[in-house]
Chemist: 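Can you read through this structure? Questions will come right after.
The sequence lines fix the lettering, A, B, ..., with proteins before strands; numbering per chain opens at 1. For the numbers below, each heavy atom of this structure counts, side chains included, while hydrogens, waters and symmetry mates do not.
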There are 2 protein chains.
Amino acid sequence: MYRRRDDRRGQMIGDITNDLRRYSVDAQHIGHAFAGLHGLNATDLQALIAVMDAELVGDPITPGRLGERLNLSSGSVTALIDRLERAGHIRRDRDTADRRKVFLHYADRGAELARSFFAPLGRRTDDVMARYTDEELEVVHRFMADMVVSMREHRDAVRAARGGPAKRATD
Amino acid sequence: MYRRRDDRRGQMIGDITNDLRRYSVDAQHIGHAFAGLHGLNATDLQALIAVMDAELVGDPITPGRLGERLNLSSGSVTALIDRLERAGHIRRDRDTADRRKVFLHYADRGAELARSFFAPLGRRTDDVMARYTDEELEVVHRFMADMVVSMREHRDAVRAARGGPAKRATD
DNA sequence: ACCAAGTATCTTGACGGGCGAGATTATCGG
DNA sequence: CCGATAATCTCGCCCGTCAAGATACTTGGT
């Protein structure tokens with residue numbers, strides 16, 4: 001499973017792989033813990049973030065697209081939105097042009113919750129990044145962007161392996 | 001939520017933050033999709049990986065420690081192990097010294113499954129890393145390692161906010 | 001212009017299963 | 001013998017999937 005190479009570079013590659021895996025798992029756990037702390041689950045939190053994200057870009061999200069993004073069935077999405085709306089985190093708004101569509105907007109409750117999630121995280125990342133020069137951060141960014149592209153391709157490939165042809169959940 | 005700073009460095013920090021978030025989400029989805037493809041769920045896959053991981057290091061894991069690592073209750077862990085054992089991915093072994101303890105070992109099924117999960121991922125990451133010099137990878141590693149430390153602290157802080165005093169799920 | 005069939009979007013209801021909480025059993029250490 | 005530890009068992013909740021339905025838009029023929 002782990003190809004342990006003896007050379008320095010091979011060692012480095014293995015280390016970075018572990019870093020990434022640990023980071024992902026920890027990020028997941030943080031979300032889970034924070035969500036539980038506020039009476040919702042990990043998916044709810046992700047959804048709330050997605051709703052704010054979309055709206056702040058000026059392009060409110062619909063249940064359908066939310067489902068694509070979180071990789072959830074339509075039924076789950078409705079239940080999910082019900083929960084969030086009931087808790088006062090978001091609200092529904094029918095599109096006036098196409099009245100089949102529903103736009104999701106965040107409410108004050110939700111905004112505050114998201115802020116209290118991101119604020120401490122932001123502080124921590126800022127602290128870490130302060131230790132690096134612009135050039136170094138540039139390298140990190142290039143690397144991570146490359147990795148994201150590669151992972152996304154892989155995700156689509158795995159998804160395509162079973163059912164429908166890999167819907168690109170654009171993020 | 002997003003503090004949009006105008007300077008180059010602020011922009012960079014935001015970009016990297018997004019990279020990391022996207023990577024985590026995608027990694028999660030890959031695990032989910034791959035697991036579903038093979039008749040198990042995301043948790044099962046993580047557990048299988050943890051079992052192999054521990055055993056390859058020469059220190060087989062017990063249900064208790066597995067629960068800590070995945071952040072699961074004892075009941076869930078037992079059910080989880082039941083599923084994996086029934087599917088032929090792992091097997092239980094009572095410790096001869098302390099017969100309360102159960103050691104988890106991977107079976108051939110599980111080993112092959114894990115391999116088929118990691119192999120393509122490894123190829124992709126190798127492809128990406130090939131584009132970077134040793135020095136650049138060194139920077140990436142330093143950065144990610146720092147981030148992991150910071151995230152882990154944060155995770156423990158969030159967990160401590162509700163219930164028990166942050167059990168360090170050592171990885 | 002109108003109506004019917006087709007398509008898209010969201011909602012509903014039934015169902016299964018993972019997960020958590022607490023009690024129970026088996027074993028170890030003193 | 002007694003408290004502590006490790007795993008398991010039992011029960012109930014709730015999330016997510018699936019299939020069917022409701023509503024709204026779109027298209028094509030007459």
Chemist: So what does A/G64 touch, heavy atoms closer than 4.0 Å: a base, only the sugar-phosphate, or nothing?
Modeler: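 Sugar-phosphate contact only.
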Chemist: OP1 or OP2 of D/dA7 sitting under 4.0 Å from any side-chain N/O of B/T62?
Modeler: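 So the side-chain polar atoms of B/T62 do come within 4.0 Å of the phosphate oxygens OP1 or OP2 of D/dA7, strictly under.
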Chemist: If you check every side-chain atom of B/S74, which of C/dT11, D/dT8, C/dC19 has the closest atom?
Modeler: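 Within the option list, the nearest is D/dT8.
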Chemist: When you compare the protein's N or O atoms with those of nucleotides 28-30 of chain C, which come within less than 3.5 Å of each other, and at what distance?
Modeler:
from	atom 1	to	atom 2	distance (Å)
C/dC28	OP1	B/A97	O	3.1
C/dC28	OP1	B/R99	N	3.1

Chemist: Assess the side chains of B/H29 and A/R159: does a donor N or O sit below 3.5 Å from an acceptor N or O?
Modeler: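 There is such a pair (donor and acceptor under 3.5 Å, judged by atom type) between the side chains of B/H29 and A/R159.
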Chemist: Which of these nucleotides, D/dG16, C/dC19, C/dT11, is closest to any side-chain atom of A/R83?
Modeler: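 For the A/R83 side chain, the nearest candidate turns out to be D/dG16.
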Chemist: Between D/dC15 atom P and A/H32 atom NE2, what is the distance in whole Å?
Modeler: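 So the two atoms are 11 Å apart, to the nearest Å.
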Chemist: Base of C/dG20, side chain of B/S76 - is there a donor-acceptor contact under 3.5 Å?
Modeler: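 By the distance-only test, yes, there is a pair.
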Chemist: Are more than 12 heavy atoms, taken from residues, nucleotides or ligands other than B/D134, located less than 6.0 Å from that residue's CG atom?
Modeler: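 Above 12, so yes.
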Chemist: Within the structure, does a side-chain N or O atom of B/T78 lie under 4.0 Å from either OP1 or OP2 of D/dC9?
Modeler: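 For B/T78, the contact criterion (side-chain N or O under 4.0 Å from OP1 or OP2 of D/dC9) is not met.
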Chemist: Applying salt bridge (charged side-chain N to carboxylate O under 4.0 Å, His left out), which residue pairs with at least one partner in residues 30-45 of chain B are found, sequence neighbours left out?
Modeler: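 Only B/D44-B/R83 qualify under salt bridge (charged side-chain N to carboxylate O under 4.0 Å, His left out).
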Chemist: Consider the side chain of B/L72, meaning its heavy atoms from C-beta on, and name the nucleotide among C/dG18, C/dT12, C/dG20 that approaches it most closely.
Modeler: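 My answer, after comparing the listed nucleotides, is C/dG20.
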Chemist: Is the shortest side-chain N/O distance from B/R94 to OP1 or OP2 of D/dA6 below 4.0 Å?
Modeler: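 For D/dA6, neither OP1 nor OP2 has a side-chain N or O of B/R94 closer than 4.0 Å.
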Chemist: Side chain of A/P63: nearest nucleotide among D/dT8, C/dG18, C/dT11?
Modeler: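 Closest of the options to the side chain of A/P63: C/dT11.
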Chemist: For the pair made of CG in B/N71 and C1' in C/dC19, what is the distance, rounded to whole Å?
Modeler: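 Rounded to whole Å, this separation is 12 Å.
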Chemist: Would you call A/R8 and B/E138 a salt bridge, using N to O less than 4.0 angstrom?
Modeler: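 A salt bridge is present here (some side-chain N lies under 4.0 Å from a carboxylate O).
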